Amino acid sequence: MPLQTLKGFRDVLPADQAARDYVSSSIRRTFKRFGYAAITTPTIEYSDVILGKYGDEADKLVFSFTDRGGREVSLRYDQTVPTARFLANNQSQLPQYFRRYQIQNVFRADKPQKGRYREFTQCDCDIFGSTSPVADAEILAVFYQAYADLGLKDIQILINDRQTLIATLQPLATNQVSVMSIIQSIDKLDKQPLEEVAKELIAKGLTHSAADQALAAINKADKSVNLRQIEQFSTALGVPANQLVFQPTLARGLDYYTGLIFEAVLPTSGSSSLGGGGRYDQLIEQLANIKMPAVGFGIGFDRTVEVCQQQGLLPSNIGQLDAVVITATDNAIEHSLSTATKLRNQDLRVSVLPTTNQSNLGKQLQIAEQQGARFAIIIGEDEAQNETVTLKNLASREQVTVGLEEAVGQIKANS
Ligand code: AMP
């Protein structure tokens, strides 16, 4: 099947790409407003960097292979671990309380299904070097604001504290079943019934009663003092208090979290999360022996774009051509080309049909429509001589012959 894409990997068509570009610029704008600077890290890292940070279940989803030089390498599973490596390598060039954002593709050998791909994009923000709840609160505020700026105002941010989970579950852990392994199972509670999660814990080696106790205990856990403080600060930073929802069963599957953990969900769109994050104070030390506390998030870009599309939050004309310049007679081609240049100088999106055979005006108008243009600008002999253009609105079919300036005005007024 050489002409198919691999399972879980996708082509993106122009309309979807336009939507993605729009959402991505909005997210970047939000990130920059909070003072986050963009970085880029390589797609492939040494496997030693990537593996052993996420936990057994996630490690199995890392795309790893031996390169042609015999090196063990892995594709990026998330952006947090490569950034931890980046920080260790470049620390001397970075300011204190470094805030970085990163929008790149990540790769996971997940089982492909709707909204679950093997290559997808994450939009991350992290702040490094602070253990203060002010940093946690800021991260929640950027996270909330990125969705709010897209118009996703009814987002709910589920929050919990890893320390509470660890304290609650540690007494039930055994030599065979670590507290992290229990947390990885608990993490499935939003997708699987309680009994299934209990079964998994028992299969891992907990007794019946320990499994039941674990599930009962986390449901009863209280909001930590740390979490209360973070909530208070994030409200001051603009996160509506009623959109932060304490969820004691929220676990986040990855091993590296050490404090605040959170996920964004839309009450209207099932259980899958749009993004998530948390505090990870030991990851960078584990990688590079540098004490560097950190807190951050990853927005699941693909799901966010899909939700924006479903909710009609994207302008209808994104990616749309403003006009196609059509030449009605062969000897007006140069006039058409210079007209297109003038229109582009007015910041309009304009194409010219790349043909020198201008005989069939009807066909050319059809192509203009196929290209999704809002207007056709028709240049014939009269227009070339009189310095005018014929402006045809391709939706209403109305057409007028006017000066170029007037045409620009009408195109802009109609956008
Ligand atoms: P995680 O790093 O697993 O917390 O993921 C953060 C966000 O990325 C999730 O909330 C999802 O929106 C998105 N995400 C995770 N896995 C996938 C996937 N396989 N395909 C598409 N989006 C995903």
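Quick note: numbers below take in every heavy atom, side chains included, and nothing from hydrogens, waters or symmetry partners. Numbering of ligands and ligand atoms starts at 1, following listing order. Just so you know, residue 1 is the first one in the sequence shown, and it goes up from there. None of the values given here were measured: they were computed from a predicted structure.
Geometrically, ligand 1 and D110 share a nitrogen or oxygen pair separated by less than 3.5 Å.
Near G115, meaning under 4.0 Å from one of its heavy atoms, ligand 1 places the atoms 20 (N), 21 (C), 22 (N). Atoms of ligand 1 found under 4.0 Å from any heavy atom of S273 (numbered from 1 in listed order, with element): 9 (C), 10 (O), 11 (C), 12 (O). Listed by number with element, the atoms of ligand 1 under 4.0 angstrom from any heavy atom of Y117 are 18 (C), 19 (N), 20 (N), 21 (C).
F120 CD1, 3.4 Å is the protein heavy atom nearest to atom 22 (N) of ligand 1. Summary of contacts: the protein heavy atom closest to atom 13 (C) of ligand 1 is G300 CA, 3.6 Å. Of the protein's heavy atoms, R108 NH1, 2.8 Å lies nearest to atom 3 (O) of ligand 1.
Around atom 8 (O) of ligand 1, the closest heavy atom drawn from R116, R252, R303, Q122 belongs to Q122.
Applying the 6.0 Å contact sphere to NZ of K412 captures more than 12 heavy atoms from other residues, nucleotides or ligands. More than 12 heavy atoms of other residues, nucleotides or ligands lie within 6.0 Å of CG in N345, so this atom counts as buried by the packing criterion.
Checked for salt-bridge contact, D161 and K223 miss the test: no charged N lies under 4.0 Å from a carboxylate O. Between R108 and D78, none of the side-chain N atoms (NZ, or NE/NH1/NH2) sits under 4.0 Å from a carboxylate O, so this pair counts as no salt bridge. K188 and E196 are not joined by a salt bridge, as no carboxylate oxygen comes within less than 4.0 angstrom of a charged side-chain nitrogen. Between R10 and E119, none of the side-chain N atoms (NZ, or NE/NH1/NH2) sits under 4.0 Å from a carboxylate O, so this pair counts as no salt bridge.
Contact annotation: for E263 versus ligand 1, there are no heavy atoms closer than 4.0 Å. Contacts with ligand 1 closer than 4.0 Å are made by backbone heavy atoms (N, CA, C, O) of L274 only, the side chain lying farther away. In D78, neither the side chain nor the backbone holds a heavy atom less than 4.0 Å from any atom of ligand 1.
Of all heavy-atom pairs between V305 and A19, the closest is CG1-CB, 4.2 Å.
Ring-plane geometry between F98 and F86 is classed as parallel, the angle between the planes falling under 30 degrees on a 0 to 90 degree scale with a further cut at 60.
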